[in-house]
Visitor: 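For reference, the structure I am asking about is given below.
Letters go in sequence order (proteins before strands), and every chain restarts at 1.
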Amino acid sequence: MSHSSQSLGHVPIEDHSFSADRGTLALARDIGVELYDTSGPKYTLRTSLAGHDKTVTAVDIALQSGRIVTCSQDRNALVWEPAADGTYKPTLVLLRINRAATFARWSPDEKKFAVGSGARAIAVCYFEEENDWWVSRHIKKPLRSTVLSVEWHPNSVLLAAGSTDSHARVFSAFVKDVDARPAPTVWGERVPFQTLCGDFVSPAGGWVHDAAFSPSGNALAFVSHDSSVTVVYPSGPEQPPAAIVNITTTMLPFISLVWLSENEIVAAGHDCHPVVFVGSDQQGWQLDHSVDDPLKVKKSSGKESSALNMFRQMDLKGTPTSASEDSTLPTIHQNTITKLRAYASSGGRVTKVSSTGVDGRVVIFSV
Amino acid sequence: MANVNFRRINIDILEPENNIAPEELVPPSIANLPPASVAEIQSFGQSVRAALSRGDHADALAAALGNPPYTSSEEVKAIHLTTILEILSTVKSTDISKIVEKLSSEDRDTLIKYLYKGMGVPESHGISGVLLAWHEKVIEVSGQGAIVRFLSDRRMV
């Protein structure tokens, strides 16, 4: 169980994405997107993509095509097409929103991407061949507030969205000319665009920071600002869910979550270290263990303090003790973790997750 | 200094579909909860006091926290708050941790709501120390998560 950590400056990282071969890392920070070469032991900056003029809120590399989608508080999304010489050519996508874009993700088949926004809308974007242009369609109802996250179902039609109106919702993002008719799922049989297939709230409410489908797509989990994780098992279209499991924790709220397998979820957020939840619809869910547990880290208390330091402390504070002067956290991340992503998997289970945080670190955790 | 009055203009009024009515913010889990009347909450308070006089502090507290009048009027809520403050102030300080550990985690979250609400009313000025002692013990068990849940929860007591 080893974790690798890279400190890439002190600017908070909003979102990150690895390429399919894990050789490139894209970071959304401040108004730019930085591409790092991750083949060496130390990540090196390869190039920066400049095109936004406000904070970039999300970045996602399509695994097969290598296209990068970014979105920003300047209300725009850009699709960066890789060229043979390693440069990227940006294409502006007309989102038609009047507030910041907050989140963007490619669908698994990479024909579409969804952008969440503060305009109480999700823009589902797809490429129109005849116009040579990315166009967007809006999912508006019944969103009542800013959309903080969007996550695709494995069938590339259903979309989970977490919102600041404390609802986690499942929508259909079926676009007639782009998608083949999907096979029926537990979420619904006929799903025209903007069908609401599920709408869930945690008992204590709170902003829904992240929502994600399980690997099979037959369950939904979301983390909200009441320090809880909620897992929903639908029973079929138009029916109440078979089970809703809400796990409240003693920790600070989680910001992001990743399904490791059908029975394991890893979540991380304001407590700066990931925790793993284990369970199923029958047995219920519980917090199983912490990854990078701060309680298990030995405080480096045996640090020698110099005589100079001792007298300085006495001068400043009237006591020679400088205990608890160490302002670093016992965890690897020194500030809130803003995003978790699956990094490596074996045998159908995610074994490593990558995380980025406000402290500007990129960490790969073995889970 | 620049004119800041434009910040006071409620621009959402110009867009009717941007308005959210207070009713829409009621969480679905309590939307169908019938409001309690003053008489009901008073008789409930009596039964809790009876349990208190028998020395059943833990049961009295669990009963009072198990059924908070979320959808009732402010008057009813105030009566229930008085009942709970009464229970909290009659428990010996050495018994607090034992009782807190016995409560379910939902009850502890509800207790936090009453502790904060209690700190905000003038009647509790004599027992602020007691409320702080309870707060400390609840946080020992429920962690900071309980405080965050209090902040995010729209089921107000």
Visitor: Specify the closest pair of heavy atoms between A/T250 and B/V141, including all atoms of both residues, with the distance to one decimal.
Guide: CG2-O, 3.7 Å
Visitor: Assess whether atom CZ of B/R154 is packed by more than 12 heavy atoms of other residues, nucleotides or ligands within 6.0 Å.
Guide: no
Visitor: Tell me whether the count of non-hydrogen atoms from other residues, nucleotides or ligands lying under 6.0 Å of CH2 in A/W207 goes above 12.
Guide: no
Visitor: Please round to the nearest 0.5 Å and tell me the distance separating atom CZ of B/R149 and atom OG1 of A/T249.
Guide: 6.0 Å
Visitor: Under a 4.5 Å heavy-atom cut-off, does chain A meet the side chain of B/S142, its backbone, both or neither?
Guide: backbone
Visitor: Could you tell me which of A/S224, A/P203, A/A204 has the largest number of non-hydrogen atom pairs under 4.5 Å with chain B?
Guide: A/A204
Visitor: Could you tell me which non-hydrogen atom of B/G145 sits nearest to which non-hydrogen atom of A/S227, and how far apart they are?
Guide: CA-OG, 3.6 Å
Visitor: Report, as yes or no, whether the 6.0 Å neighbourhood of atom CZ on A/R361 holds more than 12 heavy atoms from other residues, nucleotides or ligands.
Guide: yes
Visitor: Could you check whether atom CD of A/E238 has more than 12 heavy atoms from other residues, nucleotides or ligands sitting under 6.0 Å from it?
Guide: no
Visitor: Please give me the minimum heavy-atom distance between A/D226 and B/V148, naming the atom from each residue.
Guide: CA-CG1, 4.5 Å
